[in-house]
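Order of listing sets the numbers, starting from 1, for every ligand and every atom in it.
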Amino acid sequence: MSIESVLHHLNCSKTVAFNRLAKTVFTHIPEPITINIRKYSDEFLCPNLLRGMDYLRFPQLNKGLAFTMAERQTLGIQGLLASAVQSQEEQLAICTYSLSRFKNNLNKHLYLSELLDTNERLFYELLGSNIPKYLPLVYTPTVGLACQRFGLVYKKPKGIFISIHDKGRIYKILRNWPIPHVRAICVTDGERILGLGDLGAYGMGIPIGKLCLYTALAGVPPSMCLPVTLDVGTNNQSLLEDPLYIGIREKRVQGCEYDDFIEEFMEACCEKYSHNVLIQFEDFALPNAVRLLDKYKTRYCTFNDDIQGTAGVIVAGMLTAARITKKKLGENIYLFLGAGSAGVGIANLICDAMAQEGVSEKEAVEKIYLFDIDGLLSTKRPGGIPKHATKYGKDLEPTKDFGAFVKTCKATAIIGVSTVGGAFTPAILKQMAENCERPQIYALSNPTIKAECTAQEAYDNTEGRCIYASGSPFPPVKYNGKEYHTGQGNNSYIFPGVSLGVLACYAHHIPDTMFLTAARCLAKNVTQKDLDMGRIYPSLSDIPILSCKIAVDVMEEAYKNNLASVYPKPKDLNKYIADYIYKTKYDDVRPDFYDYPESRGVQVKTVEEMVKQFKSKNK
Ligand SMILES: NC(=O)C1=CN([C@@H]2O[C@H](COP(=O)(O)OP(=O)(O)OC[C@H]3O[C@@H](n4cnc5c(N)ncnc54)[C@H](OP(=O)(O)O)[C@@H]3O)[C@@H](O)[C@H]2O)C=CC1
Ligand SMILES: CC(=O)C(=O)O
Ligand SMILES: [Mg+2]
């Protein structure tokens with residue numbers, strides 16, 4: 001049967017037919033049809049061609065029982081929904097209640113994931129209604145658990161898997177993503193998922209979670225976002241033997257084959273989605289993370305969140321801490337447990353921030369000490385110093401005794417990015433309290449079980465004098481009859497806002513300086529009330545507003561340095577950003593991906609316009 005006769009038989013437009021029957025029909029059609037598939041898939045979800053049922057089936061359009069009677073009649077979905085008409089507020093209340101009935105966080109995560117598959121705007125409305133409560137369910141720590149159980153969690157595609165066996169066909173695979181106007185990609189190869197190690201294709205939970213935060217925390221329209229997992233195998237033996245494992249059951253590919261694969265991926269993304277598509281690298285293992293960032297940061301619009309985003313949030317914390325300690329950055333001694341992507345990324349940005357205080361690079365480096373699994377980065381140690389951290393090598397005797405070194409170097413700030421839960425022992429914390437009046441303790445490893453110490457431990461062992469932040473959230477600390485709400489030193493304060501700014505002005509590169517700009521903007525927005533509560537970051541609920549502020553600062557910097565591509569420069573960047581962001585309310589928006597066909601010259605009608613037209617026709 002030819003495609004034309006299939007379509008004739010269906011008696012409906014080609015695009016609709018394709019959308020509805022792509023799976024059942026085209027899978028049986030021989031190869032030449034792929035040319036047509038490309039053409040049709042570009043028209044996917046064109047609003048004028050949607051059928052009623054599609055408004056219930058596509059989470060981007062679905063409003064569930066919130067479709068009014070008039071809408072139901074216009075769209076041809078009357079009877080497909082129960083008679084009640086609910087407001088979005090009522091739906092929100094029902095979701096809040098439903099979610100509260102689950103006792104287990106993974107089940108809550110699954111509920112939210114299904115809501116996202118059903119009604120996208122309601123999902124984001126719910127997240128936005130209480131960010132501190134819901135963020136830990138879609139992000140760290142629960143996302144770690146979801147990744148570990150991804151074989152059970154995985155139901156519907158929320159992103160693209162590209163395997164090493166797809167080499168030579170990456171562009172074609174990207175074309176299969178149904179929404180053509182992707183602007184931001186978050187990609188992982190699953191080798192270092194949080195502090196949980198190599199989770200292979202199960203790592204997909206991370207790009208999905210990070211891109212959820214693009215929307216929930218910065219209002220980036222979800223249809224612009226594409227999560228990608230590059231499945232190059234896994235060296236995790238238990239996954240290779242896990243019957244539920246969803247990735248390829250092979251050892252990781254390395255060397256030239258890996259590099260060529262990544263190169264093809266980068267090129268394919270640009271070919272498919274334009275040259276300034278933003279590509280965020282997430283949770284790559286150390287050697288690849290550093291190498292790929294160096295290789296691509298001047299060639300593509302890309303950043304590595306673990307290196308640069310993390311650096312931004314921690315330097316912001318340190319700038320805020322300076323308000324408490326009355327000491328400049330250059331007057332501290334920094335000691336890192338962990339000299340990987342996050343550790344060296346933070347160290348480098350501290351140096352950049354000190355440079356702005358007038359401290360020379362040599363002096364800055366002298367104030368920073370790093371430990372990795374082999375101990376202090378000492379020029380005298382047998383294995384030498386990893387290349388990415390050479391400049392931090394100290395001409396000191398090698399030691400593996402981190403605890404003793406806290407005293408030797410008189411650290412005023414310790415930064416845990418080691419993946420070793422509990423590594424900041426009570427003895428270490430007590431020593432920090434002896435080293436200075438207000439010791440800074442950053443226990444940044446994720447998820448919660450990997451944190452180098454809890455918030456309560458930090459307070460208990462420093463006479464309540466510490467300045468503390470952790471990568472995953474901890475319950476409030478009780479100390480000396482007072483309650484403290486410590487902050488989350490997590491890159492989620494930085495990457496959504498930076499990405500929003502980059503996307504909004506179509507910046508073509510993302511220099512390191514943008515992360516310092518973001519850090520300064522974040523630090524500036526910490527209030528005295530935050531400090532009094534014991535946190536060096538604003539409330540998590542404030543992130544959406546902060547992201548807009550960061551985006552504006554990032555755009556200013558992009559324009560100043562000729563990195564932006566939207567000209568003329570918008571007169572009022574605040575307004576430009578406010579107009580740009582995704583709105584979750586049913587009434588005051590057209591569903592997100594209406595925007596794209598319109599921008600391609602397709603006549604678009606909102607549901608509201610259709611209702612109006614319907615009413616006037618039926619007068
Ligand atoms: N809060 C946040 O926003 C962020 C938190 N993180 C968290 O930080 C942690 C590290 O991430 P990342 O830097 O990307 O990971 P990497 O794998 O790049 O680095 C880990 C570092 O820890 C070192 N290490 C491992 N075990 C020990 C040990 N027993 N003693 C001393 N050092 C040790 C490693 O040494 P070696 O290389 O020699 O093995 C390496 O230097 C993760 O848990 C991650 O979740 C990461 C990014 C953001
Ligand atoms: C927060 C984050 O990016 C990480 O733990 O890897
Ligand atoms: Mg990460």
Ion pair check, [X] and [Y], cut-off under 4.0 Å:
X	Y	value
Glu366	Lys362	yes
Asp294	Arg299	no
Asp198	Arg192	no
Lys295	Glu263	yes
Asp553	Arg520	no
Arg381	Glu397	no

Centre-to-centre under 6.0 Å for [X] and [Y], is that the case here?
X	Y	result
Tyr468	Tyr442	no
Tyr484	Tyr459	yes
Phe405	Tyr369	yes

In short, side chain to side chain donor-acceptor pair (under 3.5 Å) pairs touching residues 310-322 with sequence neighbours left out are Thr310-Asn491
Which word best sums up how the rings of Phe495 and Tyr214 line up, parallel for under 30°, tilted for 30 to 60°, or perpendicular for over 60°?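 Answer is tilted, since the angle falls between 30° and 60°.
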Geometric class of the Phe281/Tyr296 ring pair [parallel <30°, tilted 30-60°, perpendicular >60°]: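 Rings of Tyr296 and Phe281: parallel, as their planes differ by under 30°.
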Could you please provide the protein residues found below 4.0 Å of ligand 2 on a heavy-atom basis, arranged by chain and number?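 Answer by chain and number: Tyr139, Arg192, Leu194, Lys210, Glu282, Asp283, Asp305, Asp306, Asn446, Asn490, Asn491.
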Pull up every protein N/O/S atom sitting under 2.8 Å from the Mg ion (ligand 3), skipping waters. Glu282 OE2, Asp283 OD1, Asp306 OD1
Got a second to check how far Met432's CE is from Thr412's OG1, nearest 0.5 Å? 6.0 Å
So which residues, sorted by chain and number, lie with a heavy atom under 4.0 Å of ligand 1?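 Only Arg192, Leu194, Gly195, Leu286, Asp306, Thr310, Leu337, Gly338, Ala339, Gly340, Ser341, Ala342, Asp372, Ile373, Val417, Ser418, Thr419, Val420, Leu444, Ser445, Asn446, Gly471, Gly489, Asn490, Asn491 have heavy atoms that fall under 4.0 Å of ligand 1, ordered by chain and number.
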